[in-house]
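Here's the structure, in structure tokens; my notes come after.
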Amino acid sequence: QVQLVESGGGLVQAGGSLSLACAASGRTFRAYTMGWFRQAPGKEREFVAHIRWNGGSTFYADSVKGRFTSSGDNAKNTVYLRMNSLKPEDTAIYYCAATSKVAPGTSEYEYDYWGQGTQVTVSS
């Protein structure tokens with residue numbers, strides 16, 4: 001089992017920045033790829049980014065590329081999502097997730113474990 005706990009959401013004005021954290025625990029979680037997803041009201045959950053524990057390679061959705069950065073701290077068993085130049089359309093509940101797949105796609109169904117989510121609200 002893998003347990004994920006997110007933190008760091010909040011309210012920010014457009015153009016501002018926020019950082020989210022996802023603390024992971026459980027067996028062999030470093031073998032996993034960690035993903036970030038978001039779900040806005042009335043919309044389906046969508047892929048934001050993923051990062052591999054081993055090597056730290058990242059992949060981003062086009063909608064956030066160049067604005068969001070995911071990183072990991074192995075010592076703290078935590079991955080981060082730094083969000084810059086936030087837009088009102090970034091408003092959503094953000095989730096971190098874990099998968100045993102080395103090269104997952106962008107579907108939420110490829111992820112086995114999920115955090116509880118944290119609200120990010122960007123005001124115009």
Side-chain angles (χ1 to χ4, degrees):
Q1 286 288 339
V2 175
Q3 293 80 42
L4 305 173
V5 179
E6 300 118 338
S7 60
L11 173 65
V12 65
Q13 288 188 331
S17 298
L18 277 177
S19 289
L20 306 182
C22 175
S25 61
R27 63 179 180 89
T28 64
F29 61 82
R30 285 202 181 92
Y32 288 60
T33 299
M34 303 296 294
W36 291 97
F37 288 77
R38 65 187 182 185
Q39 188 168 19
K43 295 187 177 181
E44 294 185 351
R45 191 176 296 182
E46 66 173 357
F47 172 82
V48 175
H50 78 222
I51 180 169
R52 296 180 190 172
W53 278 115
N54 293 328
S57 62
T58 55
F59 179 75
Y60 300 94
D62 288 344
S63 59
V64 306
K65 197 174 296 182
R67 300 188 298 123
F68 291 13
T69 302
S70 188
S71 60
D73 185 333
N74 285 347
K76 296 182 177 180
N77 301 331
T78 301
V79 292
Y80 303 95
L81 185 68
R82 176 65 176 177
M83 305 181 292
N84 296 326
S85 303
L86 282 161
K87 306 174 182 179
E89 52 264 42
D90 294 318
T91 295
I93 298 174
Y94 283 70
Y95 299 89
C96 70
T99 176
S100 58
K101 296 185 177 182
V102 175
T106 59
S107 171
E108 62 178 301
Y109 299 107
E110 298 198 59
Y111 287 78
D112 305 303
Y113 302 98
W114 291 84
Q116 81 284 2
T118 186
Q119 178 71 47
V120 171
T121 303
V122 184
S123 62
S124 56

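Please read these numbers as outputs of a predicted model, since none were measured by experiment. Any value given below was found using the heavy atoms of this structure, including those in side chains, with hydrogens, waters and symmetry copies removed. Residue numbers run from 1 in the order of the sequence given.
With Thr78 contributing its side chain and Lys76 its backbone, the two residues share a donor-acceptor pair below 3.5 Å. Looking at Thr33, its side chain does come within 3.5 Å of a backbone N or O of Lys101 through a donor-acceptor pair. Of the possible donor and acceptor atoms, one in the side chain of Thr118 sits under 3.5 Å from a partner among the backbone N and O of Gly9. The backbone N or O of Ser123 lies less than 3.5 Å from no partner atom in the side chain of Gln13, so there is not a single donor-acceptor pair. Looking at Tyr60, its side chain does come within 3.5 Å of a backbone N or O of Ser70 through a donor-acceptor pair. For Gln116 (side chain) and Glu6 (main-chain N/O), a donor-acceptor pair under 3.5 Å exists by modelled atom type.
Between Phe37 and Tyr111, the ring planes lie perpendicular to each other; the angle is over 60°, past the 30° to 60° tilted range. By the 30° and 60° cut-offs, the orientation of the rings of Tyr95 relative to Trp114 is perpendicular.
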Criterion side chain to side chain contact (heavy atoms under 4.5 Å, CB included) on Phe47 and Arg38, from CA distance to verdict: CA-CA 7 Å; Phe47 172 82; Arg38 65 187 182 185; over 6 Å; no
Pair Val2-Tyr32, side chain to side chain contact (heavy atoms under 4.5 Å, CB included): steps then yes or no: CA-CA 10 Å; Val2 175; Tyr32 288 60; 3.8 Å; yes
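Proximity of Met83 to Val64: side-chain heavy atoms (C-beta onward) are nowhere separated by under 4.5 Å. Considering only heavy atoms from C-beta on, Leu20 stays 4.5 Å or farther from Tyr80 through its side chain.
Salt bridge status for Asp90 with Arg67: present, with a side-chain N to carboxylate O gap under 4.0 Å.
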